[in-house]
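Some notes on the structure that comes next.
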There are 2 protein chains.
Amino acid sequence: MFYEELSERKKTILKAVVEAHIEGGEPVGSKYVVQNGLLTCSSATIRNEMAELEQMGYLEQPHTSAGRVPSELGYRFYVDMLVNQYDTVTKEVAQVNHLLKSKMGEIDQILETASRLASKLTNYTGIAIKPKASSITMSRYEVIWFDENNFVIVMITSHGNVKTKKVKTAESITQESVERLAALLNAHLCGISADKINLPLIVELEKAMGSDGFMINAAVKCIYDVMSEIDGGELRYSGINNLLNYPEYSDTRQLGELLGTLEEQSQILDLVSDADSDNVNVLIGSESSVKVMNNSSLVFKPIKKNGRTVGVIGVLGPLRMDYKNVLRTIDEIGGSVADMIGDDRKLDGKVKEGDNDGGK
Amino acid sequence: MFYEELSERKKTILKAVVEAHIEGGEPVGSKYVVQNGLLTCSSATIRNEMAELEQMGYLEQPHTSAGRVPSELGYRFYVDMLVNQYDTVTKEVAQVNHLLKSKMGEIDQILETASRLASKLTNYTGIAIKPKASSITMSRYEVIWFDENNFVIVMITSHGNVKTKKVKTAESITQESVERLAALLNAHLCGISADKINLPLIVELEKAMGSDGFMINAAVKCIYDVMSEIDGGELRYSGINNLLNYPEYSDTRQLGELLGTLEEQSQILDLVSDADSDNVNVLIGSESSVKVMNNSSLVFKPIKKNGRTVGVIGVLGPLRMDYKNVLRTIDEIGGSVADMIGDDRKLDGKVKEGDNDGGK
DNA sequence: AGTTAGCACTTAAACAAAAAGAGTGCTAAA
DNA sequence: TTTAGCACTCTTTTTGTTTAAGTGCTAACT
């Protein structure tokens with residue numbers, strides 16, 4: 001999208017209005033803009049320009065005789081302008097890295113910490129998302145004898161993650177039966193997706209296990225569970241209380257709906273699943289298909305690991321969020337997180353940030 | 001605590017006031033009480049009694065010429081009266097069990113589902129807590145060769161939970177070295193708590209591993225991490241948006257503080273760690289040490305498994321929450337959850353609800 | 001002595017009218 | 001093309017008034 005249509009002065013005015021509104025939250029009038037410096041003309045001129053900007057759809061007027069407020073298009077112009085030039089002032093980066101490093105752990109944990117951090121640095125609501133994995137398979141199984149009535153299945157996924165599950169059996173089991181089970185699972189259940197696990201297959205496996213066939217049912221069910229569970233996708237958020245500081249959320253109805261949507265998860269999950277470039281994405285208000293977001297914007301960045309999107313971190317806030325700051329912050333945090341989980345090649349003899357993916 | 005001081009009529013009035021206030025949310029006047037049936041005297045009499053109840057501290061007046069509102073003591077009386085007699089009308093139990101069973105999985109997941117359920121059934125905010133485990137040890141280790149630069153440690157805790165962690169090494173490893181590592185860990189690191197793992201011990205282990213000593217450092221660090229991580233304690237909540245329906249939270253400041261406390265976690269965690277009977281606990285307003293709770297009540301029940309508290313589920317809501325309903329609901333859900341995770345003896349050949357404890 | 005009816009009093013909430021303020025659109029002059 | 005000025009519009013704030021609810025108290029009643 002190009003904005004050639006806008007004269008240089010209009011751009012300046014629009015930018016001034018957006019920033020003033022972000023700052024103060026209230027409609028901004030012609031007088032304020034001219035006082036702000038930058039422009040060397042009178043308020044009347046500004047008024048004329050603003051009237052035109054309104055007609056073009058960049059500004060809105062809550063009512064006659066109120067100042068102007070940026071429309072969604074206005075915000076869009078603003079952030080598009082920003083992304084080309086936003087300055088990577090790396091002053092809080094130290095803090096970012098410190099906080100993240102001190103909390104290294106499973107990927108879930110990193111994402112959650114990142115979300116917290118995003119919230120803290122921006123004063124909006126931070127979100128962290130583990131996207132739905134389209135289709136996952138197991139690349140290897142290990143089975144551990146736990147006690148006479150329990151065994152543990154260790155599954156290594158095609159993405160190299162490790163999942164475990166304890167399985168309880170009705171009849172007692174032996175070390176030997178456990179080994180046979182492992183061999184069987186490795187022989188028949190590697191590399192196939194959840195929907196390929198059907199009854200005939202199970203029956204066949206049961207037969208192969210002979211008198212220990214009872215182990216199969218439980219084991220397969222549990223493998224199936226894990227496969228679908230990983231598929232799930234998950235959304236964490238933190239710092240909702242931050243939103244309460246912004247008057248646009250003082251209407252409890254709107255806030256309630258937003259919170260509801262957040263808890264539903266699915267909608268937001270779909271939202272970020274759609275748009276994934278490698279960069280920071282900005283969804284402004286009704287640009288997203290989620291109704292409830294009409295009053296809010298979402299800034300997020302996918303986290304890639306070996307080219308695969310393993311997570312999304314971002315920030316949710318009012319339409320008039322401080323995009324300049326937020327864009328920078330999310331980009332930085334995203335970078336740090338990617339650094340932490342992405343470098344599969346950098347070996348240092350230290351514990352690697354767990355790929356354990358631990359259940360939920 | 002005994003309430004002999006209260007005449008039968010005072011009790012009736014108090015109960016009527018509490019229930020009317022819970023129902024409507026507004027101060028209740030003498031007239032309303034008498035209209036409500038139950039009492040066969042005039043409003044003037046009620047007024048006298050209410051004045052006395054106020055002096056005794058059971059009721060409060062927002063201002064002269066408003067009706068009365070229960071004080072915290074008033075609520076306390078009410079719930080204490082309730083617990084002796086609340087009727088276990090088991091009508092939604094079916095739903096409870098159904099929902100819980102359909103979502104069986106790790107204990108974390110069960111707790112989260114339970115929290116959601118609690119929220120849905122009560123229309124308040126549901127909470128689920130995994131308490132801090134005081135001191136944990138490992139009872140057995142298994143080590144799995146992953147690839148040349150990675151191995152997986154499977155740890156079985158003293159509580160019978162399973163944790164795994166993938167460890168990356170600088171130098172390449174063999175199947176044989178992995179087996180030696182397992183033997184070593186089992187020989188030296190079973191049954192000892194995190195603080196017993198010190199440098200001399202590590203050095204000794206390194207020596208024992210010979211040329212594969214580099215594996216020790218990473219492995220031990222990771223074991224240590226898991227031990228302390230489990231210790232963490234965790235709080236999940238759901239249905240905060242429910243709170244917005246209650247006028248007491250329309251003051252965004254109060255709501256914000258409450259949300260902040262919820263996200264802090266530590267305070268609530270301490271709170272429920274303190275009081276643990278086997279039954280439903282009720283913390284009314286400032287009875288709890290958390291300042292922010294002045295306006296809210298917390299109803300919760302510990303979940304025990306083999307005598308050990310493995311979780312807490314509960315509900316957070318306004319002072320005037322519908323205790324009758326909530327008490328019953330939490331008791332039921334608590335019971336169902338306990339059934340699901342508690343019966344280590346009931347064998348049925350099905351997958352047991354995972355004890356995996358999956359990391360965060 | 002306990003209960004009731006009646007009434008004066010208090011206070012918050014609801015309503016209405018008026019005043020203030022902010023900002024625009026438009027016209028006419030520079 | 002810009003600017004100054006002014007009338008107009010609409011919201012917000014203020015102020016005053018009314019209404020309604022509910023109490024406390026006194027005096028009569030059982």
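The basis for the numbers below is simple: all heavy atoms, side chains too, and nothing from hydrogens, waters or symmetry mates.
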- Query: Does A/Tyr237 have any ring pair (Phe, Tyr, Trp, His ring centres under 6.0 Å) partners at least two apart in sequence or in another chain, and if so, which?
  - Reply: none
- Task: Can you tell me the distance, in whole Å, between the CD atom of A/Glu54 and the P atom of C/dT24?
- Result: 10 Å
- Determine: side-chain N/O of B/Thr64 to OP1/OP2 of C/dT11, distance under 4.0 Å, yes or no. yes
- Query: When the distance from CD1 of A/Ile13 to P of C/dT24 is rounded to whole Å, what number comes out?
  - Reply: 11 Å
- Nearest whole angstrom, please: distance from the P of C/dG23 to the CG of A/Leu53. 17 Å
- Item | Whole-Å gap separating P (C/dG25) and CD1 (A/Ile46) | 13 Å
- Length of the line joining B/Gln55:CD and D/dT23:C1', which is rounded to integer Å: 15 Å
- List in chain and number order the residues that pass side chain to side chain donor-acceptor pair (under 3.5 Å) with A/Gln254, two or more places apart in sequence or in another chain; answer none if no residue qualifies. A/Asn295
- Rounded off to whole Å, could you give me the CG-to-P distance for the A/Leu39 and D/dT3 pair? 10 Å
- Task: Could you please name the option among C/dT11, D/dT23, D/dT3 that lies closest to any side-chain atom of A/Cys41?
- Result: D/dT3
- Task: For A/Thr122, enumerate each residue passing the side chain to side chain donor-acceptor pair (under 3.5 Å) test, keeping only those at least two apart in sequence or located in another chain.
- Result: none
- Taking only residues two or more places apart in sequence or in another chain, which ones pass side chain to side chain donor-acceptor pair (under 3.5 Å) with B/Glu72? B/Ser286
- Hey, mind stepping through B/Met56 and B/Lys10 against side chain to side chain contact (heavy atoms under 4.5 Å, CB included) and telling me if it holds? CA-CA 11 Å; B/Met56 297 188 204; B/Lys10 280 203 180 59; 3.3 Å; yes
Under 3.5 Å, which N/O atoms of the protein pair with N/O atoms of nucleotides 19-22 of chain D?
unit_1, atom_1, unit_2, atom_2, d
D/dG22, O4', B/Ser65, O, 3.4

- Please identify each residue that fulfils ring pair (Phe, Tyr, Trp, His ring centres under 6.0 Å) with B/Tyr246, with sequence neighbours left out. B/Tyr124
- Rounded to the Å, how far apart are A/Met50 CE and C/dC26 P? 15 Å
- Task: Check whether the side chains of B/Thr252 and A/Ser250 place a donor and an acceptor atom closer than 3.5 Å, and report yes or no.
- Result: no
- Out of C/dT4, D/dT3, C/dG25, minimum distance to the side chain of B/Thr45 belongs to C/dT4
- Note on the structure: When rounded to whole Å, the CD to C1' distance for the pair B/Glu52 and D/dT23 reads 15 Å
